[in-house]
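Single-structure report; data block below.
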2 protein chains.
Amino acid sequence: MTTATSGETRRGRQRRQLVDDLCVEARRQLAVGGTGSITWRGLARAVGMSPASLYTYFANIDELLTELILRTYADLASAVQQAAMAFADAPLGDRLLVGPYAYRRWALTHRPDFNLIFTDQLPGYAAEPGGPTVSAQTLVFAPMAAVVGEAMGWPPPGDDLAAAVAEHQQTLVGLWAGFHGFVTLEVNHHLDWLDSRAAFERSMRQMMEFSSLPAATPTFADAFDHWLLSAATVT
Amino acid sequence: MTTATSGETRRGRQRRQLVDDLCVEARRQLAVGGTGSITWRGLARAVGMSPASLYTYFANIDELLTELILRTYADLASAVQQAAMAFADAPLGDRLLVGPYAYRRWALTHRPDFNLIFTDQLPGYAAEPGGPTVSAQTLVFAPMAAVVGEAMGWPPPGDDLAAAVAEHQQTLVGLWAGFHGFVTLEVNHHLDWLDSRAAFERSMRQMMEFSSLPAATPTFADAFDHWLLSAATVT
DNA sequence: ATTGATTTCCGAACATTGTTCGACTTATAG
DNA sequence: CTATAAGTCGAACAATGTTCGGAAATCAAT
């Protein structure tokens, strides 16, 4: 019965399994010692193989990093999406803040990962225009854009969200830059000298107020943190 | 007359000279190949010394990086300050934008340097609370804070600017996060898909308008770029 | 000017890294 | 069953950061 689940050869399964193992190990090393600690030989050691054998699966270390970046984008997108779903029935003002708050929380609990996907750590590594990283970006921001569009009364989000985004990209990029800037500074310890949690909340509320968007419930921040604790499910 | 300029021993001078050379060479390597290209042996090669000899001047590569970060902060601060002085007589609305614009321009012409000082590239490297990097930060932001304070009618900026900053830190951090977020995304090629120059201008004007600050001259962006060209002086 | 104590400099070595090459074994397809 | 492809490995190469011991230069005294 080796060909029971045919169409899937044994090597194909083992290959996918090994690539998965390599990626989780790489992210483990990343969490421990930063980007510089992801080492080819260390990965080989972790999966019990010769360094030379890994070249069957990745052409070089940059290619592995690329795969890692894609998976990390997906991880962030999943975190944002889960939060959005958990607050799907909350008032509109609250739902506007869910995205930035999930974004920030994931960034603070995955600082090296956040820097990995958002700042160029390699020499000439620049995501090519039509590359897969841009689609990964849209995956992250689709939920947030949808809520903003709803709040601003944009065309029915049903079919062509992309068109609405293109039309109002100025507004969306402005909002994104706002909370991304705050989060980046926080992740890299440039706001350690103040109560950044409270400052973030005030900044977010101000951004929404300035953009004539509905205000969130006064207790939203606590509600979000409470939901975080109760969601000790997926890593 | 070897001791003419006494108080300064020959070794002292040569030491300072060599440290300077090492730093400029390190920034050269940084500009070429990114952070990972700064290599101990390469530095030794560039100054014509044995790798072992460099340990007389820096305990390890992290210590050199620290010195490099400090000098890079000073470089950014100098760029901002020069721009501020050049526009000292411009209308208040224009002067509000000079800081962010100089910040952005320097960042775009020194992308690896920008990432070096603002994102943790080393494993456990975190600027200690009372460390010298925070004072370097204030050096960068003092000119901008002064203008914002003037526009908002804060207490006489004569003696205690620090007190005014502490009082209104929320506002200042909000503004900083806004343009820093935009610049960070731009530096790392996350806004390549749009006309980021125009988007930056619109975002900045919107930020100022939202904060009830005076608007800049319509032609400010061009005026700034024009000044840049005429300032082909210091690197 | 001579001495004695630092500072500077270097060659050699060690452990580690990414990557390549050729030979060997194993799985897949016809 | 067999030929082709995929996987695995050991050995080797060049390059890296860092340490150590000793030689040379410079400094601060007498």
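Residue numbers begin at 1 in each chain, while the letters A, B, ... track the order of the sequences. Keep in mind that what you see is a predicted model, and the values were worked out from it rather than measured.
Taking the six-membered ring for Trp and thresholds of 30 and 60 degrees, B:F114 and B:F118 have ring planes inclined between 30 and 60 degrees apart. The aromatic rings of A:Y101 and A:F200 sit perpendicular to each other, their planes meeting at more than 60°, with 30° as the lower class boundary.
Each of B:Q14 and B:G42 was matched to the nucleotide of DNA chain D holding its nearest heavy atom; the match closer to the 5' end belongs to B:G42. Of the two residues contacting DNA chain D, namely B:I61 and A:S53, the nearest-nucleotide position lying further toward the 5' end is that of A:S53.
Here A:T39 lies in heavy-atom contact (under 4.0 Å) with sugar-phosphate atoms only.
Note: CZ (A:R45) to P (D:dC9) measures 14 Å, nearest angstrom. Remark: P of D:dG17 and CD of B:E63 are 15 Å apart, rounded to the nearest angstrom. One atom, CZ of A:R41, and another, P of D:dA12, lie 13 Å apart when rounded to the nearest Å. Atom P of nucleotide D:dA5 and atom OH of A:Y57 are separated by 18 Å, given to the nearest angstrom. Between the CZ atom of B:R15 and the P atom of C:dT7 there is a distance of 9 Å, rounded to whole Å. We find that CZ of A:R13 is positioned 18 Å from P of D:dA6, with the value rounded to whole Å. When rounded to the nearest whole Å, the span between CE of A:M49 and P of D:dT8 equals 5 Å. Atom pair B:F58:CZ and C:dT8:C1' shows a separation of 15 Å (rounding to whole Å applied).
Looking at heavy atoms from C-beta onward, B:F224 lies out of side-chain contact with B:E201 at the 4.5 angstrom threshold.
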- Item | Working for side-chain contact (heavy atoms from CB on, under 4.5 Å), residues A:D75 and A:D113 | CA-CA 10 Å; A:D75 195 34; A:D113 309 68; 6.0 Å; no
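Applying the 3.5 Å distance criterion, the base of C:dT26 shares a donor-acceptor pair with the side chain of A:R11.
Side-chain atoms of A:W40 lie closest to C:dG18 of the nucleotides C:dT28, D:dC20, C:dG18.
Using a cutoff of 4.0 Å between basic side-chain nitrogens and carboxylate oxygens, A:D195 and A:R202 are not scored as salt-bridged.
Residue A:Y55 places none of its side-chain N or O atoms closer than 4.0 Å to OP1 or OP2 of C:dT20.
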